[in-house]
S.K.: 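Could you have a look at this structure, given as structure tokens, before my questions?
Since we're looking at a predicted model, the values are computed, not measured. Note: hydrogens, waters and symmetry copies are ignored here, and every other heavy atom, side chains too, is used.
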Amino acid sequence: MSSSAGVRLALAGLLASAPLAAQASWRYDQPVRAVRTAYFANRRVNESSGVAVSRTQPGVLWTHNDSGNDPMLYATDTLGHDLGTFRVVGATNNDWEAIRVGACGSGSCLYIGDIGDNAERRGDIVIYRIPEPRVRGDSLGPIATARAVALHVRYPDRPHDAEAMLMTPIGDLLLVTKGIGGVRLYRISLAAWDSDAPATASATGTLPIPADTASFRLVTDGAVAPDGVHAVIRTYRDLYFFRLTADNLVPDSPARACNILGLEVQGEGVDWLDQHHLVLTGEQAFALAGSIAVVTCPSMEQP
């Protein structure tokens, strides 16, 4: 979601006030470890709306800005170093809100979710796929990527605003709506990439995340853990933990969440650094550059 003065002022009020509202079905833990490790050295990263951890280039993180920006990817690490800028050839940034790393053929690809739709009016959304670029470790650029493959996707019911995109071990993509009117889950089959025709996502159900605008408990990203079983969905202020089943996300038992209120001003991105650490990214605000944080929650320490 693009930054705005109203959002930032409201978030600032939250940082300074009210305790978490009680939720009967969720246990809200405090993090075991929560460290803001850096701000982005590349100040062009001003609206980081998603983050993906490279599985083939140790230490590399991928991020991007959201709506109204150029179709650029930025390579960084948990210390915020500028590792390069990459222009995604053949893509348009209508409203990029998520990025995932996944297999494609024998290599690694980046999947970029142009899935934001604040007004819920888009006839279709777009997922872009490119081979994962090799990071050279310098700030030169932008470097052109291979031409993106675009998958146009429609919802089976009506347009939705979504910012979270997860990739399953078999290559399906899960879209999670932001939560106004309920948090809904949709699945895009890996087989959709085999056709040039627009794909229709399948409705999987709803997630019991207590989303609401007033508390900024709105879904902004999600990711599946390296073990392919655990998953996390984040809002501006909490992390919710799930297990990935054949066709749904099911809360851990007991249902556990982790409070990250105050760690970021407007945090949006999340991915698993490894099985026991999450990386979070956020947008710039109040003259501060966008931030990077590393978090471990109690439920992540369980076997």
S.K.: Would you call the rings of Tyr128 and Trp96 parallel, tilted or perpendicular if under 30° counts as parallel and over 60° as perpendicular?
M.R.: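 Judged by the thresholds at 30° and 60°, the geometry between Tyr128 and Trp96 is tilted.
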S.K.: Give a yes or no on whether Arg55 atom CZ has more than 12 heavy-atom contacts from other residues, nucleotides or ligands under 6.0 Å away.
M.R.: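 Buried by this count: over 12 neighbours within 6.0 Å.
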S.K.: Just to verify, what does His160 make a ring pair (Phe, Tyr, Trp, His ring centres under 6.0 Å) with, not counting sequence neighbours?
M.R.: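 For His160, the residues satisfying ring pair (Phe, Tyr, Trp, His ring centres under 6.0 Å) (neighbours in sequence not counted) are Tyr155, Tyr186.
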S.K.: Indicate, with yes or no, if Val51 and Leu73 share a hydrophobic cluster defined by side-chain heavy-atom contacts under 4.5 Å among Ile, Leu, Val, Met, Phe, Trp and Tyr.
M.R.: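 Hydrophobic grouping puts Leu73 apart from Val51.
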S.K.: Taking side chain as C-beta onward, heavy atoms only, is Thr76 less than 4.5 Å from Val60?
M.R.: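 With C-beta onward as the side chain, the pair stays apart.
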S.K.: Please report the closest heavy-atom contact between Ala192 and Leu151, naming both atoms and the distance.
M.R.: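 Closest approach of Ala192 to Leu151: O-CD1, 3.6 Å.
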S.K.: Sub-3.5 Å donor-acceptor pair from the side chain of Trp272 to the main-chain atoms of His277, do we have one?
M.R.: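 No, the answer is negative, given that no donor and acceptor are paired below the 3.5 Å cut-off.
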S.K.: For Gly123, is there any backbone N or O sitting under 3.5 Å from a side-chain donor or acceptor partner on Arg154?
M.R.: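 Flag not set: sc Arg154 to bb Gly123 has no pair under 3.5 Å.
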S.K.: Report, as yes or no, whether the 6.0 Å neighbourhood of atom CZ on Arg158 holds more than 12 heavy atoms from other residues, nucleotides or ligands.
M.R.: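 Buried by this count: over 12 neighbours within 6.0 Å.
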S.K.: Output yes when a side-chain donor or acceptor of Asn259 lies under 3.5 Å from a complementary backbone atom of Asp238, and no otherwise.
M.R.: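 Side chain of Asn259 to backbone of Asp238, a donor-acceptor pair under 3.5 Å: no, none is there.
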S.K.: Considering all heavy atoms of both residues, which atom of Pro251 and which atom of Pro208 are nearest to each other, and what is their separation?
M.R.: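 Nearest heavy atoms, Pro251 then Pro208: CG-CG, 3.7 Å.
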S.K.: For Asp161, check salt bridge (Lys or Arg N to Asp or Glu O under 4.0 Å) against everything at least two apart and list the hits.
M.R.: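 Applying salt bridge (Lys or Arg N to Asp or Glu O under 4.0 Å) to Asp161 gives none.
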S.K.: Where the side chain of Asp82 meets the backbone of Gly84, is there a donor-acceptor pair that is under 3.5 Å apart?
M.R.: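 Indeed, once roles are kept as given, a pair shorter than 3.5 Å links the two residues.
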S.K.: For Val149 and Ile130, run side-chain contact (heavy atoms from CB on, under 4.5 Å): C-alpha distance rounded to whole Å, both residues' side-chain angles, the deciding distance at 0.1 Å, then the answer.
M.R.: CA-CA 7 Å; Val149 177; Ile130 60 168; over 6 Å; no
S.K.: Are any non-hydrogen side-chain atoms of Glu47 and Gln284 less than 4.5 angstrom apart?
M.R.: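 No, their side chains stay 4.5 Å or more apart.
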S.K.: Are the side chain of Gln57 and the backbone of Val135 linked by a donor-acceptor contact shorter than 3.5 Å?
M.R.: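 Such a contact is found between Gln57 side chain and Val135 backbone.
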S.K.: Got a salt bridge between Arg234 and Glu264, using NZ or NE/NH1/NH2 to carboxylate O under 4.0 Å?
M.R.: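 A salt bridge links Arg234 with Glu264.
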S.K.: Are Leu263 and Leu280 close enough, and set up right, to give a side-chain contact (heavy atoms from CB on, under 4.5 Å), and what steps lead you there?
M.R.: CA-CA 10 Å; Leu263 185 60; Leu280 313 179; 3.9 Å; yes
S.K.: For Asp196, is the CG atom crowded, meaning more than 12 foreign heavy atoms sit under 6.0 Å from it?
M.R.: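 For Asp196, atom CG is not crowded (no more than 12 foreign heavy atoms under 6.0 Å).
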S.K.: List for me each residue that meets ring pair (Phe, Tyr, Trp, His ring centres under 6.0 Å) alongside Phe241, sequence neighbours excluded, and say none if there are none.
M.R.: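 Counting only residues at least two positions away or on another chain, Phe241 forms no ring pair (Phe, Tyr, Trp, His ring centres under 6.0 Å).
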S.K.: side-chain contact (heavy atoms from CB on, under 4.5 Å), that's the test. Do Lys178 and Ile180 meet it? Break it down for me.
M.R.: CA-CA 6 Å; Lys178 197 158 185 181; Ile180 299 174; 5.5 Å; no
S.K.: Where the side chain of Asp95 meets the backbone of Asp66, is there a donor-acceptor pair that is under 3.5 Å apart?
M.R.: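 No; judged by distance alone, with no hydrogens or angles, the pair does not exist.
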S.K.: Could you check if a side-chain atom of Pro210 sits within less than 4.5 angstrom of a side-chain atom of Tyr240, using non-hydrogen atoms only?
M.R.: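 In contact.
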S.K.: Keeping the roles fixed (side chain from Thr92, backbone from Asn94), state whether a donor-acceptor pair exists under 3.5 Å.
M.R.: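 No, because the side chain of Thr92 does not come within donor-acceptor range (under 3.5 Å) of the backbone of Asn94.
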S.K.: Step by step, work out the side chain to side chain donor-acceptor pair (under 3.5 Å) result for Arg87 and Thr145.
M.R.: CA-CA 6 Å; Arg87 176 179 290 277; Thr145 70; over 6 Å; no
S.K.: Identify the two heavy atoms, one from Leu244 and one from Pro169, that lie closest to each other, and give their separation to 0.1 Å.
M.R.: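 Heavy-atom minimum between the residues: CD2-CD, 3.6 Å.
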S.K.: In the structure I gave you, are the side-chain heavy atoms of Asn65 and Tyr74 within less than 4.5 Å of one another anywhere?
M.R.: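 Side chain of Asn65 against side chain of Tyr74, heavy atoms only: contact under 4.5 Å found.
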S.K.: Show the nearest heavy-atom pair for residues Val279 and Val53, with the distance to one decimal.
M.R.: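 For Val279 versus Val53, the nearest heavy atoms are CG1-CG2, 3.8 Å.
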S.K.: Kindly work out whether a path of hydrophobic side-chain contacts (I/L/V/M/F/W/Y, heavy atoms less than 4.5 Å apart) joins Leu166 to Val183.
M.R.: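 Looking at the clustering, Val183 is in the same group as Leu166.
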S.K.: Is there a donor-acceptor pair under 3.5 Å between the side chain of Asp117 and the backbone N or O of Arg122?
M.R.: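 Such a contact is found between Asp117 side chain and Arg122 backbone.
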S.K.: Between Thr220 and Glu268, is there a donor-acceptor pair closer than 3.5 Å when you use the side chain of the first and the backbone of the second?
M.R.: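 Yes, because the side chain of Thr220 sits within donor-acceptor range (under 3.5 Å) of the backbone of Glu268.
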S.K.: As an exercise, state the distance from CE of Met167 to CD1 of Ile127, rounded to the nearest 0.5 Å.
M.R.: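 If we round to the nearest 0.5 Å, Met167:CE and Ile127:CD1 are 9.0 Å apart.
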S.K.: I need the minimum non-hydrogen distance between Cys258 and Gln30, along with the two atoms involved.
M.R.: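 Smallest heavy-atom distance, with atoms named: SG-C, 4.1 Å.
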S.K.: Met165, Leu174: one ILVMFWY side-chain cluster at the under-4.5 Å cut-off?
M.R.: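 No, separate clusters.
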S.K.: With sequence neighbours left out, write down each residue that passes salt bridge (Lys or Arg N to Asp or Glu O under 4.0 Å) with Arg129, or none if nothing qualifies.
M.R.: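 Arg129: no salt bridge (Lys or Arg N to Asp or Glu O under 4.0 Å) contacts found.
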S.K.: Restricting to salt bridge (Lys or Arg N to Asp or Glu O under 4.0 Å), what partner residues turn up for Arg187, sequence neighbours left out?
M.R.: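 Residues passing salt bridge (Lys or Arg N to Asp or Glu O under 4.0 Å) with Arg187: Asp172.
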S.K.: Identify, with sequence neighbours excluded, every residue that meets salt bridge (Lys or Arg N to Asp or Glu O under 4.0 Å) alongside Asp221.
M.R.: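 With neighbours one apart ignored, the set is Arg100.
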S.K.: Just by distance, no angles: are the side chains of Asn248 and Thr245 close enough, under 3.5 Å, to form a donor-acceptor pair?
M.R.: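 No, because no side-chain N or O of Asn248 sits under 3.5 Å from a partner of the opposite role on Thr245.
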S.K.: Hey, are the side chains of Asn46 and Glu283 touching, using non-hydrogen atoms and a 4.5 Å cut-off?
M.R.: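 Asn46 does not reach Glu283 side chain to side chain.
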S.K.: Which heavy-atom pair separates Ser54 from Trp62 by the least distance, and what is that distance?
M.R.: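 Shortest heavy-atom separation between Ser54 and Trp62 comes out as CB-NE1, 4.1 Å.
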S.K.: Evaluate the criterion side chain to side chain donor-acceptor pair (under 3.5 Å) for residue pair Thr78 and Thr37; output intermediate values, then yes/no.
M.R.: CA-CA 6 Å; Thr78 56; Thr37 58; 5.0 Å; no
S.K.: Stepwise, does the side-chain contact (heavy atoms from CB on, under 4.5 Å) test hold for His230 with Gln275?
M.R.: CA-CA 9 Å; His230 294 82; Gln275 197 63 36; 3.8 Å; yes
S.K.: With distance as the sole test, does Thr296 use its side chain to make a donor-acceptor pair with the main-chain N or O of Arg33 at under 3.5 Å?
M.R.: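 No.
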